[in-house]
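Data block below; observations after.
Naming convention: chains lettered A, B, ... in sequence-line order (proteins, then strands); numbering from 1 in each chain.
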Protein chains: 2
Amino acid sequence: MTPAARPSLIEIAPHTTRPSALPDHVYAVLKHRILSCAMKPDERLVEKKLCDELRVSRTPLREALNRLSHEELVAFQPHAGYRVAPITLDGFRNLIELRAIVEAQAAALAAERATPEDIAELRAFATLPYDPDDERGFVDYCRANARFHLRVVRTTHNSMLENIVMSALDLYQRPTYLRIGRQLDPKNPSAKHRAITEAIAKHDASAAHEVMLQHVRGGGERILAALKAANYH
Amino acid sequence: MTPAARPSLIEIAPHTTRPSALPDHVYAVLKHRILSCAMKPDERLVEKKLCDELRVSRTPLREALNRLSHEELVAFQPHAGYRVAPITLDGFRNLIELRAIVEAQAAALAAERATPEDIAELRAFATLPYDPDDERGFVDYCRANARFHLRVVRTTHNSMLENIVMSALDLYQRPTYLRIGRQLDPKNPSAKHRAITEAIAKHDASAAHEVMLQHVRGGGERILAALKAANYH
DNA sequence: AAAATTTAGCTTGTATACAAGTATACAATC
DNA sequence: GATTGTATACTTGTATACAAGCTAAATTTT
């Protein structure tokens, strides 16, 4: 059966140059649910149920699940099914380390390569809307934050770095959305973003590297501490 | 039909925690063919033909092709099929840049974290068999080289870094196997490997970083020059 | 009562039929 | 002769039937 009325809103771009309508749609929907913790870590993902709900057959659904499992957003065991990937301290530490390495170096390369257009766009993206009391505002804030960080790597013109940072930011979203440590955010990161941007604008690679490094590590440490406090392992 | 007699040799490990026999097998076989250039860049991959040859139905085959396309080893266009991914100068430049960033930093972290066992294994892996005149010896050499580089990242105990370097080394193999620039290798890289190992043994992070950086860039530049000479774009 | 074992149900794994879209070859037209 | 339109063959996209394997509950045994 060709799906008649399916949820039509693609909320998250598929990160791929492989636009195959149905699997991409399912991928986007599931990914959004996982990242936003609408589907909780360790929750089971049963193919049949998701098929019925999304009005799709198992083939495109499985394609989406496979993709998610390779991105480590869902865990898989043969013949035992899929689960939403758990959030672990070690996993998050590794993630911070990865982001620190790649994004700091990307900022340095960006400083070497940025054109005036790059700099203008970075400036436009640097200042984030931030209203910790507003639920909706918090989501917007997260999106804007990711947009800035992606814009920095994009300035390197290295699509491989870009893809790695995209995946990393995705994985990073989950602990953030959990609201864990939300209120611990001491100040709006816009200041750091502006500092990074100005270092890039001055083509000061080592400054860009240093500020980005501290920024990523700082944010990571805060969330890590909150995860520990919330008793994650 | 359950496949009765299929080629049984898995030549390349699947890089994943997702051991599902048939798709993994197909993935491994195709990947080996692509990396070894038995299947040439831009060659078309028609599902039916591969199914008949590998004695597998389309479902597991497509799962393997999807994985390969996300790893950028095969290119895909909706309704138009799969092709072996082309080798491009820009792609290779990006790859070198990625390896340089991640592996250099990984070497530094390895220097901070290496245990005596790590160091012993690194020493064992550092010296490579190298006989540029022997076809078989060349393949062994490539494998041993990858093994050393992987052992360095593994010392960081960061599985994300490990996965990235694994993929990167895979992509790197293809230009190497093309034999392009093979004879340009000025000397056996064992010396560099030993230098990296000794820096790690001394827990000298910045030396490890520096030597690895030069090593990766140097090797990359040589192959890049050869690709240019061979008129790749 | 606790442990082990069997069995029934459920979930995933694979194969295949059918639908939809694409490309190529051939013909008609400019 | 080049170009465009069209039909046909081929390839991929999706759905579904059936096989294989796991989980967990119920029954038996100690």
Distance in angstrom units between [X] [atom1] and [N] [atom2], rounded:
X	N	atom1	atom2	value
B:R58	C:dA19	CZ	P	14 Å
A:K48	D:dT23	NZ	P	21 Å
A:L22	D:dA15	CG	P	6 Å
B:K49	D:dC10	NZ	P	11 Å
B:E63	C:dA15	CD	C1'	14 Å
B:F76	D:dT12	CZ	P	9 Å
A:E47	C:dC10	CD	P	16 Å
A:L61	D:dA15	CG	C1'	13 Å

Exercise for the section: For B:L45, report the nucleic acid contact type (base, sugar-phosphate, nothing); a contact means any heavy atom under 4.0 Å. Expected result: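 Sugar-phosphate only.
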Problem - Nearest-nucleotide 5' precedence on DNA chain D, A:P60 against A:Q77 - result: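 The 5'-side residue here is A:P60.
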Handout entry: Lys/Arg cation over aromatic A:Y82: A:R44, 6.0 Å, 45° cone
Key =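 Checked: cation-pi criterion not met.
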Exercise for the section: Return the angle between end axes of the helix from C:dA1-D:dT30 to C:dC30-D:dG1, with five pairs used per end and rounding to 10°. Expected result: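 Roughly 10° between the end axes, to the nearest 10°.
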Test: [X] and [Y] ion pair at under 4.0 Å:
X	Y	answer
A:R113	B:E97	yes
B:R154	B:D118	no
A:K31	A:D24	no
A:E121	A:R151	yes
B:E72	B:R67	no

Exercise for the section: Map A:T59 and A:G81 onto DNA chain C by nearest heavy atom, then report which one ends up closer to the 5' terminus. Expected result: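 Residue closer to the 5' terminus by nearest nucleotide: A:G81.
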Taking the minimum atom-to-atom distance to the side chain of [X], which one of [options] wins?
X	options	result
A:V56	C:dT14, D:dA15, C:dA15	D:dA15
B:R44	C:dG21, D:dA15, D:dT11	D:dT11
B:H79	D:dT11, C:dG21, D:dT14	C:dG21

Exercise for the section: Respond yes when some side-chain nitrogen or oxygen of A:S57 is under 4.0 Å from OP1 or OP2 of D:dA15, and no when none is. Expected result: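 The answer is yes; a side-chain N or O of A:S57 sits under 4.0 Å from OP1 or OP2.
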Exercise for the section: Applying side chain to side chain contact (heavy atoms under 4.5 Å, CB included), name anything that partners A:A85, two or more places apart in sequence or on another chain. Expected result: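 So A:A85 forms a side chain to side chain contact (heavy atoms under 4.5 Å, CB included) with A:R174.
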